[in-house]
Amino acid sequence: MATSETEIKAEKPLDFIRQIIRDDLASGKHKTPVTRFPPEPNGFLHIGHAKSICLNFGIALENNASCNLRFDDTNPSKEETEYVESIKNDVKWLGYDWGDNLFFSSDYFDNLYDYAVELIRMGKAYVCCLDAEEMREYRGTLTEAGKESPYRNRSVEENIDLFNRMKNGELAEGSHVLRAKIDMASPNLNMRDPVIYRIMKVDHHRTGSKWCIYPMYDYTHCISDALENITHSLCTLEFEDHRPLYDWFLDVLKTPAHPRQIEFARLNLSYTVMSKRKLMQLVSENLVSGWDDPRMLTISGLRRRGYTPASIRNFCDEIGIGKRESWIDMGVLENSIRNDLNEIAPRVMGVLDPLKVIITNYPEEQTEEIEGKNHPQKPEMGTRKLPFTREIYVERSDFMEEPPKKFFRLGPGREVRLRYAYFITCTDFVKDETTGEITEIHCTYDPETYGGNAPDGRKVKGTIHWVSAVHGVPARIHLYDRLFNIENPDADKDVNFKEHLNPDSLTTLTHSVVEPSLAGSAPGTRVQFERQGYFCVDKDSTDESLIFNRTVGLRDSWKKKK
RNA sequence: UGGGGCGUAGCCAAGCGGUUAAGGCACUGGGUUUUGAUCCCAGCAUUCGGAGGUUCGAAUCCUCCCGCCCCAGCCA
């Protein structure tokens, strides 16, 4: 087992980042890699973050190295402790461990301040009094160089004094910023004297009221990486233009280490949105039930939906790491959870939309205990007893009054197998003439077919699932479909993404009946309802009121054909 | 029309001057099956955005062209 796994890993080609790391190790540039996952605590983690988490922690694991969890908390106006806890929880749930390496950018506020003073002393930074509007004008455009700020050549002393007064809260928000002195004519806008500190008279979730100036991302991130001795700082493509700035700070400040920033493409999934802002909007406008709504592609949503950590890790592994902006089909994610659940989920029977069947030749008071396999390919998963009675429920969709030829289920005069039980033949049905609804069907069973085989060798094409009407346990079932009804809800800039919300993304079934072995199932329990799909007991489920969430349906080639 | 990136099948993605251009998803056909599931087997790019060039040999190197993405927050 261990051998075959390592063989598989050895065969799998390395992505370009792992190749770089392998080369850096081979050349002796680094003894061991150190990575980091740097979320901003301003929202919940989603499947896109999982890609980054699996990359960074995965590299650490493969190299027996460490990956730091660092909260990038430089903007106290947007960040909250609540998110810190949810993020830690989600990373842990995904199966990763940062050990003692839990950090916050705010841990480095003192260092960052000292480095800023050093920049000023070197004549590489200055306090600028341009307001936001003016600064934009001075910055120039994509095709025209910017103009130098009139404050660009203040003396070191004046800059030190002003920066000090910024820090001491003597100056108003927006009135002054500290800027790096680089090159207003650079074709890279990030190099046109970027702001490195701004005044924000806001309490910080960790440092309280200690600071009223806060450092900007570009300045903070590279130095934080250097202070933590990160070797490879992995981020998404939009930061490619920031790399020269990343390197500039570290070169000028001569930090003890100079990590290498490498950019990779972020994950895009069809039929969903991935930006934290939009997810936040869905939550705050109650378009979903919360961050953990099972339709949300947040880690907590996927967890509640029934996804396993392994399935998410496999998914991330499968989609690979590259620099092309790609769109992954939702089916790939669904496939990864099916693959995992197919192996581990016990099979059970549950009738989502019940239709009563009366087996007219079965004794009224009789109950038989029929044995069902918990997994047809894995006898080690054991068996369970299924009570069989004269009245049972079957799936409404398993009966048709006028079935087409290829319909291998119940219809007038047709014979099917009840899974693990008997062959039954439909003899009659009752229909509500006003609504046209079939209210019950009558069948006879063949006592010779106990267990599901006919001694005379006769075959049936269909096997359907069932639950005893007297022993069945009522349940509420949530069926989920994609949250949006078009592949890319963000594509059209003129149409709000919310216009594309799928009105049928949630279907609640309140009259479902499941087999009695499921009574009292604990939240988080995952099963396969045979012929239906994989389901997970919802966190709000109780012994009195069972709730199942459909994680994903089974592949259905019959539905496809229709 | 500045700068930085990216183009291999319907969707991902290997490939790193000499291979029949990996693999997965999807799709199609067949087999097994007491889940129309799973599993198994087979098929699925004479061609790598386009055009030239270098070379005995190019998806891989060079040139030009085309297309797409990102950048003008005191957000990250």
Side-chain angles (χ1 to χ4, degrees), chain A residues 11-15 19 38-40 42 72-75 77-79 128 130-132 135-137 139-146 173-179 186-192 194-200 213-214 216-218 220-221 235-244 263 265 270 276-277 317-329 331-336 338-339 342-343 347 349 372-373 375-377 406-409 417-421 423 451-453 459-465 528-533 553-561:
Chain A
E11 282 165 21
K12 193 172 187 239
L14 296 179
D15 58 68
Q19 289 182 28
E40 182 187 10
N42 69 344
D72 215 341
D73 56 352
T74 58
N75 186 348
S77 66
K78 308 202 307 190
E79 295 149 5
C128 183
L130 254 25
D131 64 29
M135 201 174 300
R136 190 171 345 111
E137 285 164 9
R139 187 153 35 227
T141 69
L142 295 178
T143 51
E144 302 159 58
E173 274 188 29
S175 66
H176 296 68
V177 292
L178 184 69
R179 291 226 254 169
S186 171
N188 181 344
L189 304 215
N190 294 120
M191 302 300 272
R192 319 242 264 226
V195 171
I196 59 182
Y197 264 97
R198 75 289 213 186
I199 300 169
M200 283 181 103
I213 54 171
Y214 292 95
M216 300 288 288
Y217 165 84
D218 284 310
T220 307
H221 204 86
C235 62
T236 43
L237 253 27
E238 67 270 27
F239 291 104
E240 216 150 12
D241 285 343
H242 296 239
R243 190 175 353 118
E263 311 83 15
S270 61
K276 263 192 270 187
R277 208 197 94 242
D317 196 45
E318 202 168 298
I319 59 176
I321 299 292
K323 296 194 70 154
R324 291 180 239 177
E325 183 178 321
S326 57
W327 282 84
I328 308 292
D329 194 277
V332 179
L333 217 209
E334 294 177 344
N335 189 57
S336 78
R338 277 196 202 99
N339 283 344
N342 179 45
E343 297 297 318
R347 272 56 172 170
M349 292 198 282
K373 293 175 184 165
H375 190 122
Q377 284 82 32
K406 288 289 181 81
F407 186 79
F408 305 143
R409 312 177 193 176
R417 171 166 40 230
L418 293 174
R419 172 130 246 216
Y420 300 125
F423 286 10
N453 286 303
K459 301 285 185 217
V460 287
K461 288 297 273 274
T463 299
I464 66 174
H465 57 99
Q528 182 201 92
F529 284 138
E530 294 209 30
R531 303 210 303 134
Q532 300 285 346
L554 253 30
R555 263 198 205 87
D556 188 351
S557 55
W558 163 247
K559 194 166 132 196
K560 234 178 267 168
K561 267 178 199 154

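Quick note on labels: first sequence line is chain A, next is B, and so on, each numbered from 1. Please read all numbers here as calculations on a predicted model, not as lab measurements.
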Euclidean distance, atom [atom1] of residue [X] to atom [atom2] of [N] [Å, nearest integer]:
X: A:H242; N: B:C70; atom1: NE2; atom2: P; value: 13 Å
X: A:E318; N: B:C11; atom1: CD; atom2: C1'; value: 12 Å
X: A:L142; N: B:G73; atom1: CG; atom2: P; value: 10 Å
X: A:E334; N: B:C12; atom1: CD; atom2: C1'; value: 16 Å
X: A:D218; N: B:C74; atom1: CG; atom2: C1'; value: 13 Å
X: A:I321; N: B:C6; atom1: CD1; atom2: C1'; value: 16 Å

List the residues meeting side chain to side chain donor-acceptor pair (under 3.5 Å) with A:D241, not counting sequence neighbours, and say none if there are none.
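In terms of side chain to side chain donor-acceptor pair (under 3.5 Å), with neighbours along the sequence ignored, A:D241 is linked to no residue.
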
[X] side-chain proximity, nearest of [options]:
X: A:W558; options: B:G4, B:C75, B:G36; answer: B:G36
X: A:P376; options: B:C16, B:A22, B:U35; answer: B:U35
X: A:K323; options: B:C6, B:G4, B:A76; answer: B:C6
X: A:P187; options: B:A76, B:C25, B:G3; answer: B:G3
X: A:R324; options: B:G73, B:G36, B:G7; answer: B:G7
X: A:E240; options: B:A13, B:C25, B:G4; answer: B:G4

Look at all strands and tell whether [X] reaches a base, only sugar-phosphate, or nothing, counting heavy atoms closer than 4.0 Å.
X: A:I319; result: sugar-phosphate
X: A:R338; result: nothing
X: A:K406; result: base
X: A:S326; result: sugar-phosphate
X: A:F407; result: base
X: A:Y197; result: nothing
X: A:E325; result: sugar-phosphate
X: A:D131; result: base
X: A:G320; result: nothing

Establish, with yes or no, whether the OP1 or OP2 oxygen of [N] is under 4.0 angstrom from a side-chain nitrogen or oxygen of [X].
X: A:R417; N: B:G36; value: no
X: A:Q19; N: B:G15; value: yes
X: A:S186; N: B:G3; value: no
X: A:R555; N: B:A26; value: yes
X: A:R531; N: B:A37; value: no
X: A:R192; N: B:C71; value: no

Anti or syn, where syn is a glycosidic angle within 90° of 0; which label fits B:G30?
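Nucleotide B:G30 adopts anti.
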
Show, in sequence, the C-alpha distance, side-chain angles and deciding distance for A:E173 and A:R198, and conclude whether the salt bridge (Lys or Arg N to Asp or Glu O under 4.0 Å) test is met.
CA-CA 8 Å; A:E173 274 188 29; A:R198 75 289 213 186; over 6 Å; no

Using only modelled atom types and a 3.5 angstrom limit, is any donor from either the side chain of [X] or the base of [N] paired with an acceptor on the other?
X: A:N188; N: B:G4; answer: no
X: A:E173; N: B:C74; answer: no
X: A:Q528; N: B:U35; answer: yes
X: A:R409; N: B:G36; answer: yes
X: A:R347; N: B:U38; answer: no
X: A:E144; N: B:A72; answer: no

Do A:R555 and A:N335 have side-chain N/O donor and acceptor atoms under 3.5 Å apart?
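Indeed, the side chains of A:R555 and A:N335 share at least one donor-acceptor pair under 3.5 Å.
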
List the residues meeting side-chain contact (heavy atoms from CB on, under 4.5 Å) with A:F407, not counting sequence neighbours, and say none if there are none.
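If we apply the side-chain contact (heavy atoms from CB on, under 4.5 Å) test to A:F407, skipping adjacent residues, the hits are A:M400, A:P403, A:P404, A:R409, A:R414, A:W558.
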
Pairwise P distance for B:C71 and B:C25, with rounding to whole Å:
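About 35 Å, rounded to a whole number of Å.
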
What interatomic distance, in whole Å, is found between C1' of B:U54 and the corresponding atom of B:C64?
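It works out to 15 Å between them.
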
Start at the 5' end of RNA chain B and walk down; is the nucleotide closest to A:D556 or to A:I199 reached first?
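Taking each residue's closest nucleotide, the earlier one in sequence belongs to A:D556.
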
If you assign A:L418 and A:N75 each to the RNA chain B nucleotide with the nearest heavy atom, which residue ends up on the more 5' nucleotide?
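So the residue in question is A:L418.
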
Quick one: look up who B:U55 pairs with, Watson-Crick or G-U, both distances under 3.5 Å, and put none if it's unpaired.
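Check on B:U55: unpaired, no WC or wobble geometry under 3.5 Å.
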
